There are 2 protein chains.
Amino acid sequence: MTVNAELYDKVKQVFNTFLESKKLRKTSERWDILEEIYSREGHFDVESLYQSLKAKGCAVSRATVYNTMELLLECGLAQKHQFDQNQAQYEKAFGFRQHDHVICTDCHRVTEFCDPRIQNIQKTVSDLLHFDVIHHSLILYGNCTKKNCEHKTTT
Amino acid sequence: MTVNAELYDKVKQVFNTFLESKKLRKTSERWDILEEIYSREGHFDVESLYQSLKAKGCAVSRATVYNTMELLLECGLAQKHQFDQNQAQYEKAFGFRQHDHVICTDCHRVTEFCDPRIQNIQKTVSDLLHFDVIHHSLILYGNCTKKNCEHKTTT
DNA sequence: CTCGGTGCAAAGCTTTTGCATCCGC
DNA sequence: GCGGATGCAAAAGCTTTGCACCGAG
């Protein structure tokens, strides 16, 4: 297991509580998928997750991966990004700071950033539109001004 | 023609100039699609555009609609939104104010809003990451606090 | 023992592609 | 007339679904 043990214990507990509260079964596949996700850095898609699990000897199917990701989204342990019309990208979400993304329109690389001022915008919109904002997605599109798109990349 | 004639003249001129600069042909299908888009309000997907055109007697194919939308994105006359992993949503973009979206996680309705403070965030990120930000996408997800999700909807 | 969850493969949907035909320049 | 653009249909690619079997509670 290559995951941070302390963090992973809390994550397991969150998932455990979630499954119990929803009266869902604690199958080995669900734990396998959770562990694989939390041993990863950055973004990934369902296919690569499926391939990794198969390579490790876990007999999961794509359908189960999709199903489990849905559960993890629901309990806040994972986040889903739809950067384009192709594969959705996921990432672990527990104990990690909320962040947003910059995408280079040339090389399509994704960089992360944080800006607390987004909270102010959320608050204003919440008040104005009578809306409880749960989460958000901010993506900035543009070109790196350095040559060869040498900006720090996270995907 | 149900479009705003004055605005539409400018739009046609923009597309005309764009096609010439790229040495692309001015086909009737391209003008048909442009007109249909600018006679619409709010968001729409490729399929509904295709169906409308077919209903009006324009013999366009889906392939041409996809191809033309790509050109319109390139010259800034249309905008594309990937709200989910299904159909991409488009909307006209010339002479309309840049805006962002609020999506209700219950009823999936989309509301628009504007907040100038996003510009400040863009500026900071541009400077920090040496990135020329061309455009952005900010989506706030949450629930309407009123009953029946009675917030003003635009889709 | 029950029935929710899984694996597999097939189906579904949106978008892209190949190719013959058409028509703007 | 040349070569880009189109229409049609087939292909591609991601995700969902149906069904029989398995195993958690």
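Please read these numbers as outputs of a predicted model, since none were measured by experiment.
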Can B/Glu41 and B/Lys92 be counted as an ion pair, charged N to O under 4.0 angstrom? yes
With a 4.5 Å limit on heavy-atom distance, are the side chains of A/Arg109 and A/Ile103 in contact? no
Give a yes/no answer on whether the side chain of B/Asn67 brings an N or O atom under 4.0 Å of OP1 or OP2 in D/dA5. no
Looking at five pairs on each end of the helix from C/dC1-D/dG25 to C/dC25-D/dG1, what is the angle between the two axes, given to 10 degrees? 30°
Short side-chain donor-acceptor distance under 3.5 Å, A/Asp106 and A/Asn143: yes
Between the side chains of A/Arg30 and A/Thr64, does any donor sit under 3.5 Å from an acceptor? no
Would you say B/Ser61 places a side-chain N or O within less than 4.0 Å of OP1 or OP2 belonging to D/dC8? no
All N/O pairs under 3.5 Å across the protein-nucleotides 17-24 of chain D interface:
unit_1: D/dG23; atom_1: N2; unit_2: A/Arg25; atom_2: NH1; d: 2.7

Assess whether a salt bridge exists between B/Glu36 and B/Lys56, defined as any Lys/Arg side-chain N lying under 4.0 Å from an Asp/Glu carboxylate O. yes
Base, sugar-phosphate, or nothing for A/Asp45, non-hydrogen atoms under 4.0 angstrom? nothing
Provide the start and end nucleotides, 5' to 3', of the part of DNA chain C that has atoms under 4.0 Å from heavy atoms of chain B. C/dT14 to C/dC25
Without swapping roles, check the side chain of A/Tyr38 against the backbone of A/Ile33 for a donor-acceptor pair under 3.5 Å. no
Residue whose closest nucleotide on DNA chain C lies nearer the 5' end, B/Asn86 versus B/Leu24: B/Asn86
For the rings on B/His101 and B/His43, is their centre-to-centre separation under 6.0 Å? yes
Any side-chain donor-acceptor pair under 3.5 Å between B/His108 and B/Asp84? no
Carboxylate-amine/guanidinium contact B/Arg40 B/Glu91, below 4.0 Å: no
